[in-house]
Q: 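One structure is given below, represented as structure tokens, and several questions about it will come after.
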Amino acid sequence: REDLKGLYSALLVPYNEDGSVNEEGLRKIIRHVIDKMELDGLYVGGSTGENFLLDKETKKQIFDIAKDETGDAVKLIAQVGSPNVYEAIELGQYATELGYDAISAVTPFYYKFSFKEVKQYYKDITDAVDNDLIVYSIPVLTGVEIGLDDFGELFELDRVVGVKFTAADFFLLERLRKKFPEHLIFSGFDEMLLPTVVNKVDGAIGSTYNANGPRSKQIFELAKEGKVEEALEIQNVTNDFISAVLENGLYPTLKYILQQETGSEERFYARKPMAQSTDAQLERAQEIYEKYIK
Ligand code: NGF
């Protein structure tokens, strides 16, 4: 799946005050990511979209809007994973019928599933959905760690084509790349984009690319060409931005910046139980926006 390589937005979703999807705002964010950030694709239904706080119908609504707004302009990956495997299958089939280029599924979380159970979960999804799948590994949020040999077992499943690797374990990343040259590896931590590209990932999926696309693309391209020093300079500025964003609150800050960038009058709310931004956070977000993005 060479065609899936590249830099993806972990699509941020704006909500209305009542928790419903702000469709107009979402469409504007998608246009912004495609037209201004010029990213290669959208990863829809990830953590950045607050996906795990949503019911199934709202997840489908977001898949619909993203496909409708994007058409065939960029690649689309639908994150369908859930501890409810039946829902994951239904969403995978749904997104596939809509024309999504691939699906992705987070490792099942909450209960302490054995690796055997995790593997069965991926087998059940890939057996039932006629699409390629990217394993979504994010131990910091799920508590699920997958080792080198276990990745090997998952990669043996038909239609498992790769992994979104959201971890800071560079030893494991290097081993994975060496052992599985044919599988796709997407980097998940934007602040570590450069060292993951040096380790020859095929692409990256991240929240801050929604706002910091041009710098991220430069890092990605320069690092691929072996221009590490130049890439590092841009990663340094990028990480000043990311540090400020994380300190002020990831989603409130990105939501504020994207509201400004898309010229949306309506505030981009969070989905409960995420808290809404405070006035102090909004003020700081404006400073960060002016310093790094505007
Ligand atoms: O937000 C997290 C949680 N990770 C994202 C990204 O991996 C999530 C990352 O971009 C994602 O792709 C998704 O929406 O599913 C970070 O926000 C960024 O590196 C700042 O730390 O760890």
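First listed ligand is number 1; within each ligand, the first listed atom is number 1.
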Q: Counting from 1, what ligand 1 atoms have a heavy atom of Asp190 closer than 4.0 Å?
A: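 The atoms of ligand 1 under 4.0 Å from a heavy atom of Asp190 are 9 (C), 10 (O), 18 (C), 19 (O).
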Q: Could you tell me which atoms of ligand 1, counted from 1 in the order shown, lie closer than 4.0 angstrom to a heavy atom of Thr48?
A: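 By the 4.0 Å cutoff, the relevant atoms are 8 (C), 11 (C), 13 (C), 14 (O).
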Q: Is there a donor-acceptor contact under 3.5 Å from the side chain of Ser104 to the main chain of Ile134?
A: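 Pair found, side chain donor or acceptor close to backbone of Ile134.
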Q: Answer yes or no: does an N/O atom from Thr208 fall short of 3.5 Å to an N/O atom of ligand 1?
A: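 Between Thr208 and ligand 1, no N or O pair is found under 3.5 Å apart.
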Q: Who pairs with Glu97 by salt bridge (charged side-chain N to carboxylate O under 4.0 Å, His left out), at least two apart in sequence or on another chain?
A: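 Glu97 satisfies salt bridge (charged side-chain N to carboxylate O under 4.0 Å, His left out) with no other residue.
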Q: Checking a contact table here: which protein heavy atom is nearest atom 21 (O) of ligand 1, and how many Å away?
A: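 Checking every protein heavy atom, the shortest distance to atom 21 (O) of ligand 1 gives Glu191 OE2, 2.7 Å.
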Q: Treating Gln281 as the side-chain partner and Asn248 as the backbone partner, does any N or O pair qualify as donor plus acceptor under 3.5 Å?
A: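 Between the backbone of Asn248 and the side chain of Gln281 there is a qualifying donor-acceptor contact (under 3.5 Å).
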Q: Relative to ligand 1, is Ile138 under 4.0 angstrom through side chain, backbone, both or neither, heavy atoms considered?
A: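 The part of Ile138 near ligand 1 is the side chain, not the backbone.
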Q: Just let me know how Thr166 lines up against ligand 1, side chain, backbone, both or neither, with a heavy-atom cut-off below 4.0 Å.
A: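 The answer is the side chain of Thr166.
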Q: Report the nearest protein non-hydrogen atom to atom 17 (O) of ligand 1: residue, atom name, distance rounded to 0.1 Å.
A: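 For atom 17 (O) of ligand 1, the nearest protein heavy atom is Ser207 OG, 2.7 Å.
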Q: Should the pair His183 and Phe180 be assigned to parallel (<30°), tilted (30 to 60°) or perpendicular (>60°) ring geometry?
A: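 Aromatic pair His183/Phe180 classed perpendicular.
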Q: Within the 4.0 Å heavy-atom shell around Gly206, which atoms of ligand 1 are there?
A: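 Counting atoms of ligand 1 from 1, those under 4.0 Å from Gly206 are 10 (O).
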Q: With nothing but distance in play, are any N or O atoms of Gly188 less than 3.5 Å from an N or O of ligand 1?
A: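 Right, the criterion is met.
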Q: Would you please indicate yes or no on a ring centroid separation below 6.0 angstrom for Tyr43 and Tyr136?
A: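 Yes, close enough.
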Q: Does Tyr43, backbone or side chain, put an N or O under 3.5 Å from an N or O of ligand 1?
A: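 Among all N and O atoms of Tyr43, none is under 3.5 Å from an N or O of ligand 1.
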Q: Between the main-chain N or O of Thr208 and the side-chain N or O of Asp190, is there a donor-acceptor pair closer than 3.5 Å?
A: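 Looks like yes, one N/O pair under 3.5 Å.
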Q: Is it the case that the ring center of Tyr121 lies less than 6.0 angstrom away from the ring center of Phe113?
A: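 Judged by ring-centre distance (under 6.0 Å), Phe113 and Tyr121 do not meet the cut-off.
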Q: Give me the residue, atom name and distance of the protein heavy atom closest to atom 22 (O) of ligand 1.
A: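 Going atom by atom, the protein heavy atom closest to atom 22 (O) of ligand 1 ends up being Phe189 CE2, 3.5 Å.
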Q: What atoms of ligand 1 come closer than 4.0 angstrom to any heavy atom of Ile205?
A: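 Those atoms are 12 (O).
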Q: Please identify which atoms of ligand 1 are closer than 4.0 Å to at least one heavy atom of Ala10.
A: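 In order of number, 11 (C), 12 (O), 13 (C), 14 (O).
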Q: Under 3.5 Å, side chain of Lys255 to main-chain N/O of Tyr269, donor-acceptor pair present?
A: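 Yes, Lys255 side chain to Tyr269 backbone: donor-acceptor pair under 3.5 Å.
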Q: Please list the nearest protein heavy atom to atom 8 (C) of ligand 1 with its residue and the distance rounded to 0.1 Å.
A: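 Looking at atom 8 (C) of ligand 1, the protein heavy atom closest to it is Tyr136 OH, 3.6 Å.
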Q: For Lys164 and ligand 1, answer yes if some heavy atom of the residue is under 4.0 Å from a ligand atom, otherwise no.
A: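 Lys164 counts as a contact of ligand 1 under the 4.0 Å cut-off.
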Q: Distance to 0.1 Å, residue and atom name: give those for the protein heavy atom nearest to atom 13 (C) of ligand 1.
A: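 Looking at atom 13 (C) of ligand 1, the protein heavy atom closest to it is Ser47 N, 3.3 Å.
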Q: Ignoring hydrogens and geometry, is there a side-chain-to-backbone donor-acceptor pair from Asp101 to Ile77 under 3.5 Å?
A: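 The answer is no, because no donor-acceptor pair under 3.5 Å joins these two groups.
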Q: Provide, to 0.1 Å, the distance between atom 1 (O) of ligand 1 and the closest protein heavy atom, together with that atom's residue and name.
A: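 Checking every protein heavy atom, the shortest distance to atom 1 (O) of ligand 1 gives Leu250 CD2, 3.6 Å.
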Q: Show every donor-acceptor pair shorter than 3.5 Å between a side-chain atom in residues 219-232 and any protein atom, with sequence neighbours excluded, or say none if there are none.
A:
from   : atom 1 : to     : atom 2 : distance (Å)
Glu225 : OE1    : Lys227 : NZ     : 3.1

Q: Charged N to carboxylate O under 4.0 angstrom, Asp202 versus Arg1?
A: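 Judged by the 4.0 Å cut-off on N to carboxylate O distance, Asp202 and Arg1 do not form a salt bridge.
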